[in-house]
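The block underneath contains the structure these notes are about, expressed in structure tokens.
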2 protein chains.
Amino acid sequence: MLMHLTPTSLPRPHSLSELGLAADFDPLIGLSEFTYRRGSEIYGEKEPAEYIYQVKSGTVRSYKLLSDGRRQINAFHVPGDVFGLTYGGNHRFTAEAVADTTLRLTKRESLTAAAENDGTLTRDLLRMTTTNLRHAEDHMLLLGRKTSMERVAAFLIEMDRRLTAAGILALPMPRRDIADYLGLTIETVSRSLSYLRELGVIRFIDNNQRHIVLVDKQQLAVFDRQN
Amino acid sequence: MLMHLTPTSLPRPHSLSELGLAADFDPLIGLSEFTYRRGSEIYGEKEPAEYIYQVKSGTVRSYKLLSDGRRQINAFHVPGDVFGLTYGGNHRFTAEAVADTTLRLTKRESLTAAAENDGTLTRDLLRMTTTNLRHAEDHMLLLGRKTSMERVAAFLIEMDRRLTAAGILALPMPRRDIADYLGLTIETVSRSLSYLRELGVIRFIDNNQRHIVLVDKQQLAVFDRQN
DNA sequence: CGGGTGCTTGAAGACTATCAATCGTTGTGG
DNA sequence: CCACAACGATTGATAGTCTTCAAGCACCCG
């Protein structure tokens, strides 16, 4: 069986062709790179979608805002991930660079136009959209029914799966982003992490406790026995 | 611009062809109807996906369970809606009839096989998947960041949009389903509805207060000013 | 070296959940 | 036909989880 290469769970970095976009299609796409500073906006919600993106390095957050500032981050995009796909013409989220980030850009129009005549490409889009849908479905369960401990454990497991090297997990995003991804506050996230540390399930490696975490996956999974 | 016909927001009933499945494709599909009793299972999570479905009459709930019984309903399917699509081979949810429900079934295999040679069909699948994704994205914001009042108001607005006739909203699902859709308990749902009634925003029409609600959309929207 | 930023920790509060009782409707059986 | 059990919804009282408010700490950078 073919391995599923997906926008949200790739070892990285990958080329577009490895993502399922036909290699011989590359020439049709105007590929260019662009670097975004930490905190800068890549696109805004409701803006016309001009490009689709692949993360070359760095991390991106994608979110929706309520009028009073409440924020829900629906996804983090790490190297290898493709994001910015929308079937309609407008973006449904705001995307920002969590850290300094380099992206590969592709004109959306050239892609959708090409998809008109290329069933394989359309199927690739379908597969990537399906992958996003799966992630959203799992995240609904987390947001609707899991406790704060389960959410944080699930987050660590997800991030470990997606961006760990050698058992060491370097979280690129601040607590606020984690909180807004999990539907919690930064204090609750912090307390959950502290508790996991007290239990010896995780460890902070560096003096600056912010970014580096060591995980004991076995025990961690106990806190979020996946359904 | 073409109106978007979507699995989750159709006036009903619709034929498959009206849903974007090419009319001339119908002959390829083994169309058959089946009726499910209230409460019976249509398919289970992780089961191989053999069919896709369109609701002819009735209502379907689609959900995930945690091992201890916590449930997250991700969607209700009402007449006209297509559901059961999965890009992979297995279902990712359990689907049950909320009320007595009649469905049109289509062999999934005949559909995906046909999609191999039919770009239009693949694009239709892409569009339907995208519609599901949009709904999931909006629901993540609701589950992650909205208050109980906002959730209930949003639910009433959604249901009003999708299945109201003449300003009267006949909710086909019990409180427990509403609660599990909104990430709340039945008591909180009930209290929120009572509060909206005290405020004169909604009304219960029949003596049996369970199913019929009258909505003042204007005021209701105030309780869930969409972002 | 001092201010800024992000994280942690503590205390108090609020919103929602839990536990429990009651009500109204439905359906069944004597 | 009526009584009563069963079920879903509502309402009340209490509890608990997570949030809010606040203070303190560590690191970074100018």
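Every chain is numbered from 1 and lettered A, B, ... according to where its sequence line falls, protein lines coming before strand lines.
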Given atom [atom1] of [X] and atom [atom2] of [N], what is their separation to the nearest angstrom?
X        : N      : atom1 : atom2 : value
B:Arg176 : D:dA9  : CZ    : C1'   : 11 Å
A:Arg70  : D:dT20 : CZ    : C1'   : 15 Å
B:Leu182 : C:dA17 : CG    : P     : 10 Å
A:Leu193 : C:dG6  : CG    : P     : 17 Å
A:Ile178 : D:dC18 : CD1   : C1'   : 17 Å
B:Arg71  : C:dA17 : CZ    : C1'   : 17 Å
B:Phe204 : C:dT25 : CZ    : C1'   : 15 Å
B:Asp177 : D:dC7  : CG    : P     : 16 Å

Residues in ring pair (Phe, Tyr, Trp, His ring centres under 6.0 Å) with [X], at least two apart?
X        : answer
A:Tyr195 : none
A:Phe93  : none
A:Tyr51  : none

Next on the checklist: Please list all pairs meeting salt bridge (Lys or Arg N to Asp or Glu O under 4.0 Å) that have one or both residues in residues 139-148 of chain A, counting only residues at least two apart or in different chains.
Outcome noted: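 Matches after skipping sequence neighbours: A:Arg145-B:Asp180, A:Lys146-A:Asp224.
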Next on the checklist: Once salt bridge (Lys or Arg N to Asp or Glu O under 4.0 Å) is applied, do any residues pair with B:Glu45, and if so which ones, sequence neighbours excluded?
Outcome noted: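 Checked B:Glu45 against salt bridge (Lys or Arg N to Asp or Glu O under 4.0 Å); matches are B:Lys64.
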Checklist entry - Got a sec, which residues hit salt bridge (Lys or Arg N to Asp or Glu O under 4.0 Å) with B:Arg70, two or more places apart in sequence or on another chain? => result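 With neighbours one apart ignored, the set is A:Glu150, B:Asp68.
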Next on the checklist: Does B:Leu184 reach a base, just sugar-phosphate, or nothing at all? Heavy atoms under 4.0 Å.
Outcome noted: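 Here B:Leu184 touches the backbone only, sparing every base.
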Checklist entry - When you check the side-chain N and O atoms of A:Thr188 and A:Ser148, is any donor under 3.5 Å from an acceptor? => result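 Their side chains do not contain a donor-acceptor pair, so the 3.5 Å distance test is not met.
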Checklist entry - Got a second to check how far A:Thr129's OG1 is from A:Arg134's CZ, nearest 0.5 Å? => result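 Going from OG1 on A:Thr129 over to CZ on A:Arg134, the span is 11.5 Å.
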Next on the checklist: So if I take residues 145-157 of chain B and measure heavy-atom distances to DNA chain C, which residues fall below 4.0 Å?
Outcome noted: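 Those residues whose heavy atoms fall under 4.0 Å from DNA chain C, taken from residues 145-157 of chain B in numerical order, are B:Thr147, B:Ser148.
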Please enumerate all protein N or O atoms sitting under 3.5 Å from an N or O of nucleotides 9-13 of chain C, with distances to 0.1 Å.
| residue | atom | partner | partner atom | Å |
| --- | --- | --- | --- | --- |
| C:dT9 | OP1 | A:Arg197 | NH2 | 3.4 |
| C:dT9 | OP2 | A:Ser194 | OG | 2.3 |
| C:dG10 | N7 | A:Arg191 | NH1 | 2.8 |
| C:dG10 | O6 | A:Arg191 | NH2 | 3.2 |
| C:dA11 | N6 | A:Arg191 | NH2 | 3.2 |

Next on the checklist: Under the rule for side chain to side chain donor-acceptor pair (under 3.5 Å), what residues qualify as partners of A:Tyr63, not counting sequence neighbours?
Outcome noted: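 Testing A:Tyr63 for side chain to side chain donor-acceptor pair (under 3.5 Å), a comparison that skips the adjacent residues, returns A:Glu96.
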Nucleotide N/O to protein N/O under 3.5 Å, stretch nucleotides 14-16 of chain D:
none

Item to check | ring pair (Phe, Tyr, Trp, His ring centres under 6.0 Å) contacts touching residues 147-193 of chain A (sequence neighbours left out) | outcome: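 Sorted result for residues 147-193 of chain A: A:Phe76-A:Tyr181, A:His139-A:Tyr181, A:Phe155-A:Tyr181.
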Checklist entry - side-chain contact (heavy atoms from CB on, under 4.5 Å) with A:Asn90: which residues, sequence neighbours excluded? => result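 With sequence neighbours excluded, A:Asn90 shows a side-chain contact (heavy atoms from CB on, under 4.5 Å) to A:Pro48, given in chain and number order.
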